[in-house]
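Predicted model only: the values in this text are computed from it and were never measured. Chain letters run A, B, ... following the sequence lines, proteins first, then strands; residues in each count from 1.
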Amino acid sequence: MNERYDFKNIEEKWQKIWKDTDVFHVTEDPDAEKYYCLEMFPYPSGKIHMGHVRNYSIGDVVARFKTMKGYNVLHPIGFDSFGLPAENAAIQHGIHPAVWTSSNIKEMEDELKRCGFSYDWDREVCTYKEDYYKWMQWIFIQFWKKGLAYKKENPVNWCPSCATVLANEQVVDGKCERCKSEVTKKDLSQWYLKITDYADRLLDNLDKLPGWPDKVKTMQRNWIGRSEGTELDFDIVGSEKKLRVFTTRVDTVFGTTFMVMSPEHPMLHELVHGTEYEAAVEEYAEQVKHLSDIERTSTSKEKTGVFIGRYAMNPLTHKKMPIYISDYVLISYGTGAVMGVPAHDQRDFDFAKKFGLEIIPVVDPGREDIDVNNLTAAFEAEGKMINSGKYDGMDNKDAIVAIRDDLKAIGLGEGKTNYRLRDWLISRQRYWGCPIPMIYCPEHGWVPEKEENLPVLLPTDVEFTGKGESPVATSKTFVDTVCPICGKPAKREVDTMDTFLDSSWYFLRYCDAQNAGAPFDPKKAAYWMPVDQYIGGVEHAILHLMYARFFMMVLYDLGLVSCEEPFTNLLTQGMVLKGYTDADGNWIVGKMSKSIGNVVSPDEIIDKYGADTARLFILFAAPPERELEWSDSGVEGSYRFLGRVYRLVYDLAKDTQGIPAVYKPETKDDKQLNYILNNTIKRVTDDIEKRFNFNTAISAVMELVNELYRYKELDDVNMGLMRAAAENVVLLLSPFAPHVCEEMWEGLGYSESLYRHPWPQCDESALVKDTEEIVIQVNGKVRDRMDVPSGLSREELAAYCKDTEAVRNLTEGKQVVKMIAVPGKLFNIVVKG
RNA sequence: GCCGGGAUGGCGGAAUUGGCAGACGCAGGGGACUUAAAAUCCCCCGAUAGCAAUAUCGUACCGGUUCGACCCCGGUUCUCGGCACCA
């Protein structure tokens, strides 16, 4: 141990030792309790950023802590390495995506290693490599065999800039999630996965995940959007056909005054064919087709629509009602048609006002301030039924059940559950992804490639144009093949898979990363899974986290894994922000961004202060789930603290050389230091284990260090105690700043790495004090404090305090109403006047 | 519009079960060491009044419950995030 804190040499030295001794390598050990600590793997964009450092520092603290606690800890890393940026680089710079990707991975591996994260690099998974995507294809085929993959022509989301289709989940506010271009519609035949079959399980299982943030669970619930209601039929006047609608408010059926169909409704053309309304209706439908999602779904837009010249019969009132088409009714939800109840649905209200349609109230608000017969807005809350025949007077909630049952009895309706969730569109018209291993035979239709022929390799003779064709189609060698069933000429699917499939099972591959004969050995997966702690950005709350849960459920049904839910506990870390001055001179704190220029690179910080300082600052500046504001002077502070610890341990190692960490506290100061030492052990342990509050864990160590600086200057010090304190400071700090702690540990005379050294244990007896300070309050205000013997009960404390001079002084001349004693805390006197 | 978070000193944040508000750090001020500077070590640091002891006020705002409220309840404002013509 050098006298100076030379972080550069220390960090290089210990990274080399960890590597040479293979200290982070783990295998399945049935006798040890396992712990799977996982951070979301990065996309290899070129360099790691502070968000990565934060994510992986949090995970590393957990992994190192659990290791010291004696768990067999799996802590892997890899790269989510298929995807668009690599292909765009290929188009722009003429460099092959594989070359671009692998050189980025190399660079990021080096950066991650410079941070000193405790990864088992033997389990590294890169999704673009054949040995991974081979099994991706195998899994896809298992989905297909189970009937969970299908190809279908549909209007799909098309991003003109990325030149590919997008899943619903990847369209945000009508824009492409990645490039922010406006998304348009296209009719294309595409592959889908039947995630909707799992909607109920995905929803219901959320209740079995107490270790997930409510926020994420709520977001997933909203996304799945389960909605229970009724489907019912309306006769169409002059037609054999019936118009079926879905409603959650069947209680309002007596208030229906019109019907609205989606302009894409399949029955529309025959209903208007040859009538005077045909031209206007077809024109409206054509207009709607050209609207973007943004225009169409804008809630501020005035309602539009066209009467189609047809009428429907209300099955309960037998009233004739006009049928319209309007773009506010979506073909993709429910039945693509709704009953218009203007009195009790705001959209229907707006539509009725626009077209001068009748408004009939059927639920009485029972409020003075609302005139039922002259509504200014739809009344959507609960109330008693009116204008509804035999249902009048019922609570509308009861009427929902009663009317639904009555409709069912006469064969006009039934209960029905609808979901907002749609099937997952997984085809991408891009090159840099996993080929979909399907073959089209004119005779047998779509057939999967034989499993023994996997992987279906990505061809290399491909042109990158960035135009709207699948690049793979330009290969001379790829497309033509033979049918796996009949051997006759057939064609391969040229689209590739959405990269979210790759990231839906990578955590299983980590369990058995080198397996050449299977995606993973189910026994090994059963040992490690589920992930005990998953850590990543909240931006994956819906997409990745729901797809991964879906995959896990399917693999569970296939008997490949032994649990349904992949992630027991989830921590969503906040973003890293940095302040800057904008064009108008305002101070703004925002996300680090190259275009704004408020980026701090991890390399720069590690060069200047070392990885330990970078990690410590990032963990100290804010609790993990909150946003973190980068502060240059804050980093200085963390650096100063590590130097302060280093000097302290250096001195103490010298002073206590050869003295064992054995002691008996004698003086008042001994007892106080011993108390703080053990209390710190307890606080740090709880903060890491139970609360994930690393900021307070670090501040607890700071307090202990401050106390130790005070203690060591005393005349009468206990050498064994100082030694114990120094050793514990090093151990407690080691998950946060591992390199410098290893160095200090060695300086304290230990020849073995502290990586697997047992975590310090709190000596509860040291926390028992002879006396404790309690606060004396008058009417809840602090007036005095005094030392009392420890461990007094409520009654004993009250009796003790009542007779003290301090209390007598405070109560003199006053009328005491009541006295309240709280053991270990306070004594409160309530006085009158 | 709906569903979630959040609001505490100059700043980041702490207060774990309703019990000392502001731990720890940053910034700032003062002192020690030094020829000097850096580094380091020590002290002070919510507001107002006061030489001081101390007193009063203070956790976005208004009100309530309680001996006692940053914490619980009712209402309001601002702010961040998610969803949104899903019938």
Side-chain angles (χ1 to χ4, degrees), chain A residues 172-173 213-223 225-227 229-230 245-250 252 260 262 296-301 303 326-330 332-341 344-348 350-351 380 418-422 538-539 541-542 574-575 579 589 617 620-623 625-638 640-641 643-644 647 683 686-687 690-691 693 695-703 705-706 709-710 713 773-785 817-820 822 824-831:
Chain A
V172 178
D173 293 334
D214 289 334
K215 182 186 177 172
V216 173
K217 288 191 277 191
T218 303
M219 283 165 75
Q220 293 210 355
R221 279 192 195 103
N222 289 342
W223 189 264
R226 179 156 71 190
S227 160
T230 306
V245 303
F246 172 75
T247 179
T248 54
R249 291 293 305 275
V250 75
T252 64
V260 190
S262 162
R296 181 160 174 178
T297 60
S298 158
T299 47
S300 56
K301 195 186 82 168
K303 293 277 177 290
S326 174
D327 62 2
Y328 81 91
V329 178
L330 308 172
S332 51
Y333 188 78
T335 62
V338 301
M339 56 185 214
V341 187
H344 303 292
D345 181 287
Q346 190 57 42
R347 295 156 299 183
D348 297 344
D350 295 341
F351 193 82
E380 295 179 331
N418 267 317
Y419 302 88
R420 217 187 75 107
L421 183 72
R422 307 278 190 272
V538 73
E539 66 273 19
I542 297 173
M575 284 194 305
V589 177
F617 168 72
F620 177 64
E625 60 296 333
R626 226 188 286 189
E627 294 185 330
L628 181 148
E629 189 184 334
W630 190 265
S631 149
D632 292 328
S633 53
V635 181
E636 294 264 3
S638 292
R640 270 202 295 271
F641 171 68
R644 188 169 153 85
R647 285 187 297 277
R683 283 168 69 189
D686 284 355
D687 281 350
K690 301 198 176 104
R691 295 176 359 124
N693 277 9
N695 54 332
T696 49
I698 293 166
S699 68
V701 178
M702 287 173 169
E703 285 176 61
V705 169
N706 290 345
Y709 263 93
R710 192 191 69 84
E713 296 306 320
E773 191 185 70
I774 66 148
V775 165
I776 309 296
Q777 296 181 335
V778 176
N779 292 344
K781 286 190 177 168
V782 182
R783 283 291 178 261
D784 204 351
R785 29 195 100 221
V817 179
K818 197 172 171 185
M819 293 188 181
I820 296 140
V822 182
K825 293 258 165 63
L826 56 84
F827 182 70
N828 186 18
I829 308 153
V830 185
V831 298

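The shortest non-hydrogen separation linking Arg249(A) to Glu380(A) is NH1-O, 3.4 Å.
C24(B) is paired with G12(B) under the Watson-Crick or G-U wobble criterion, all donor-acceptor distances under 3.5 Å. Of the nucleotides present, none pairs with U59(B) by Watson-Crick or G-U wobble criteria with both distances under 3.5 Å. Of the nucleotides present, C80(B) is the one that pairs with G4(B) by Watson-Crick or G-U wobble criteria, both distances under 3.5 Å. Using the Watson-Crick or G-U wobble rule with both distances under 3.5 Å, U34(B) pairs with nothing in any strand shown.
Side-chain atoms of Tyr328(A) lie closest to C85(B) of the nucleotides C24(B), A27(B), C85(B). Listed nucleotides: C67(B), C24(B), G13(B). Nearest to the side chain of Met702(A): C24(B). Comparing U40(B), G13(B), A87(B) by their nearest atom to the side chain of Arg626(A) picks out G13(B). Here A87(B) is the nucleotide among G81(B), A87(B), C20(B) with the atom lying nearest to any side-chain atom of Leu330(A).
Taking atom P on both nucleotides, A69(B) is separated from A60(B) by 15 Å, rounded to a whole Å. When the P atom is compared between C83(B) and G29(B), the two are found 47 Å apart, to the nearest whole Å. Straight-line distance between the C1' atoms of G46(B) and G13(B): roughly 15 Å, to the nearest whole Å. If you take atom C1' in U54(B) and the same atom in G4(B), they sit 46 Å apart, rounded to whole Å. One C1' atom belongs to G31(B), the other to A14(B), and the distance between them is 29 Å to the nearest Å. If you take atom C1' in U59(B) and the same atom in C2(B), they sit 30 Å apart, rounded to whole Å. When the P atom is compared between G25(B) and C73(B), the two are found 35 Å apart, to the nearest whole Å. Taking atom C1' on both nucleotides, A27(B) is separated from C44(B) by 14 Å, rounded to a whole Å.
G12(B) shows a glycosidic angle more than 90° from 0 and is accordingly assigned anti.
Under the 30°/60° scheme for interplanar angles, the aromatic rings of Tyr328(A) and Phe351(A) are found to be tilted.
In this structure, Val830(A) reaches the sugar-phosphate backbone alone: every heavy-atom distance under 4.0 Å involves primed, P, OP1 or OP2 atoms, never a base.
Under 3.5 Å, the side chain of Arg785(A) and the base of C20(B) form at least one donor-acceptor pair of N or O atoms. With hydrogens and angles left out, the side chain of Lys825(A) and the base of C20(B) share no donor-acceptor pair within 3.5 Å. Checked by distance alone, Asn222(A) brings no side-chain donor or acceptor within 3.5 Å of a matching partner on the base of C83(B).
The residues Asp686(A) and Lys690(A) are annotated as salt-bridged, a charged nitrogen and a carboxylate oxygen being separated by less than 4.0 angstrom.
Side-chain contact between Arg644(A) and Val705(A) is present, with heavy atoms from C-beta onward closer than 4.5 Å. Asn706(A) has its side chain out of reach of Arg710(A): every pair of non-hydrogen atoms, C-beta onward, lies at least 4.5 Å apart.
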